[in-house]
Amino acid sequence: MAIILGPTSDNIKIAAAKIKSGGLVAFATETVYGLGANAYDANAVLNIYKTKERPAFNPLIIHYSNLADIEKDAVINENFIKLFEKFSPGPLSYVLPKSKSSKVCDIATAGLKTVAIRVPKNNVALDLIKECCVPLAAPSANPSGSVSPISAKNVEKMLGDKIEFILDGGECKVGLESTIIDLSGATPAILRQGTITKEQIEKVIGKLNIHDENSDKAPKAPGMSLKHYAPKCGLRLSQQNPIKGEALLCFGKNIDTSGFDIVLNLSETDNLDEAAKNLFKFLHQLDEMNVTRISATLLPETGIGVAINDKLRRGAE
Ligand code: TXA
Ligand code: MG
């Protein structure tokens, strides 16, 4: 069973030693918990794929603590600099061309000519990366296709028998994965919606594309076409004819909850940030409560509501 390490400097050294010797450590970030390995070590990264049962075509986000290190592995550009100054450290990941001298192993980037990079805004994560002296390849610390973990306990439940250490940094402040923007092509495009919205990004670099999964031309985040965010019991977007033991996952005031045995409200005060923070947390809770099914209502399609609805629709597919 995995050991949960509190965020002390001694424990960060223990976690870093594990990673430096080719092992895996799950660690807190501000978005969700990541499953980290040395991004330069192909065997270590291969082990991430095995542990998560992640398909090899789905590349990983590489986590750095500073810009100078990013420039060794990726080719940066003007839009990147503008966005980086505004949003990093923070919940934004950038897809950039991989540099010729990049040491990031090919398995981590699934053989692509691009690399996704991010600087997390969480001291536990940053201290760990610094102590490792290498960037960390880190997907969310869950088995492929299940809900991302937002606490050390969530990780323990899902991967506790497969990894040795979980570096605990408390509950994730954001609770949703980072927004991903592709800056490697002629036109910047959002590949994954998250807390940092299209509008916020457009204010800094101008008009953006949103990747349309049905188009072959647009750039892709390979992981996005998979069935993701699926709670084990099944999720639907209709409130008609609830069955016994069905839970309602709703948002806002004055909700009609009749017919549901369990009701979890993402935010009773219509607060979208609170809803984002609660989404994965509640999905994990409902899985643990063994509900028979989850019925979810969509949120207003504005700001971070767009990203939350995207996850709910994917979960219901
Ligand atoms: O918030 C986050 O981003 C979390 C924390 C741990 O940092 N990480 C995370 O990683 O969500 P993961 O592996 O669950 O999602 C990574 C996504 C996938 O959809 C993958 O396809 C995409 O990033 N991706 C990675 N490298 C890419 C690349 N070179 N081009 C396009 N998409 C890429
Ligand atoms: Mg994931």
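The first residue in the sequence is number 1, and the count goes up from there. Counting starts at 1 for both ligands and their atoms, in listed order. The shown structure was predicted, so the numbers you read here are calculated from the model rather than taken from an experiment.
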Novice: Would Ser178 count as a polar contact of ligand 1, with the cut-off being nitrogen or oxygen pairs under 3.5 Å?
Specialist: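 Yes, Ser178 has an N/O under 3.5 Å of an N/O on ligand 1.
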Novice: Could you establish whether Pro120 and ligand 1 come within less than 4.0 Å of each other, counting only heavy atoms on the residue side?
Specialist: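 Pro120 does not count as a contact of ligand 1 under the 4.0 Å cut-off.
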Novice: Is there a polar contact, in the sense of an N or O pair closer than 3.5 Å, between Thr31 and ligand 1?
Specialist: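 Such a contact does occur with ligand 1.
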Novice: Heavy-atom pairs closer than 4.0 Å: do any link ligand 1 to the side chain of Thr114, the backbone, both, or neither?
Specialist: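 For Thr114, backbone and side-chain atoms both sit under 4.0 Å from ligand 1.
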Novice: What do we get for Thr109 next to ligand 1 when only non-hydrogen atoms under 4.0 Å count, side chain, backbone, both or neither?
Specialist: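 Within the 4.0 Å criterion, Thr109 makes no contact with ligand 1.
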Novice: Where on Ile180 is there a heavy atom closer than 4.0 Å to ligand 1, on the side chain, on the backbone, on both, or on neither?
Specialist: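 Within the 4.0 Å criterion, Ile180 contacts ligand 1 through side-chain atoms alone.
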Novice: So that I can tick it off, tell me whether Asp106 and Lys98 are bridged by a salt bridge, with the cut-off set at under 4.0 angstrom between side-chain N and carboxylate O.
Specialist: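 Looking at Asp106 together with Lys98, the answer is yes, because their closest N to O distance falls below 4.0 Å.
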Novice: What are the two closest heavy atoms between Phe260 and Pro242, and how far apart are they?
Specialist: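 Minimum heavy-atom contact is CE2-CB, 3.6 Å.
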Novice: One thing to verify: whether Glu246 and Arg236 come together as a salt bridge, which I'm taking to mean a side-chain N less than 4.0 angstrom from a carboxylate O.
Specialist: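 A salt bridge is present here (some side-chain N lies under 4.0 Å from a carboxylate O).
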Novice: Could you pull out the closest heavy-atom pair between Pro149 and Ala141, with the gap in Å?
Specialist: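 The answer is CG-O, 3.4 Å.
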Novice: Under 2.8 Å from the Mg ion (ligand 2), can any N, O or S atom of Ser148 be found?
Specialist: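 Coordinating: no.
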Novice: For ligand 1, which part of Arg54 has a heavy atom less than 4.0 Å away: the side chain, the backbone, both, or neither?
Specialist: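 The answer is the side chain.
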Novice: Indicate, with yes or no, if Ile70 and Leu126 share a hydrophobic cluster defined by side-chain heavy-atom contacts under 4.5 Å among Ile, Leu, Val, Met, Phe, Trp and Tyr.
Specialist: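 Yes; Ile70 is reachable from Leu126 via cluster members.
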Novice: Would Glu131 and Lys13 pass as an ion pair if we require N to O under 4.0 Å?
Specialist: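 Not counted as a salt bridge, because no side-chain N and carboxylate O are separated by less than 4.0 Å.
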Novice: Do you reckon Ile61 sits in the same ILVMFWY cluster as Tyr33, going by side-chain contacts under 4.5 Å, direct or chained?
Specialist: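 Each belongs to a different hydrophobic cluster.
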Novice: Under 3.5 Å between any N/O of Arg192 and any N/O of ligand 1: does that happen in this structure?
Specialist: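 Yes.
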Novice: Applying a 4.0 Å heavy-atom criterion (strictly less than), which segment of Pro59 is in contact with ligand 1: side chain, backbone, both, or neither?
Specialist: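 Both backbone and side chain.
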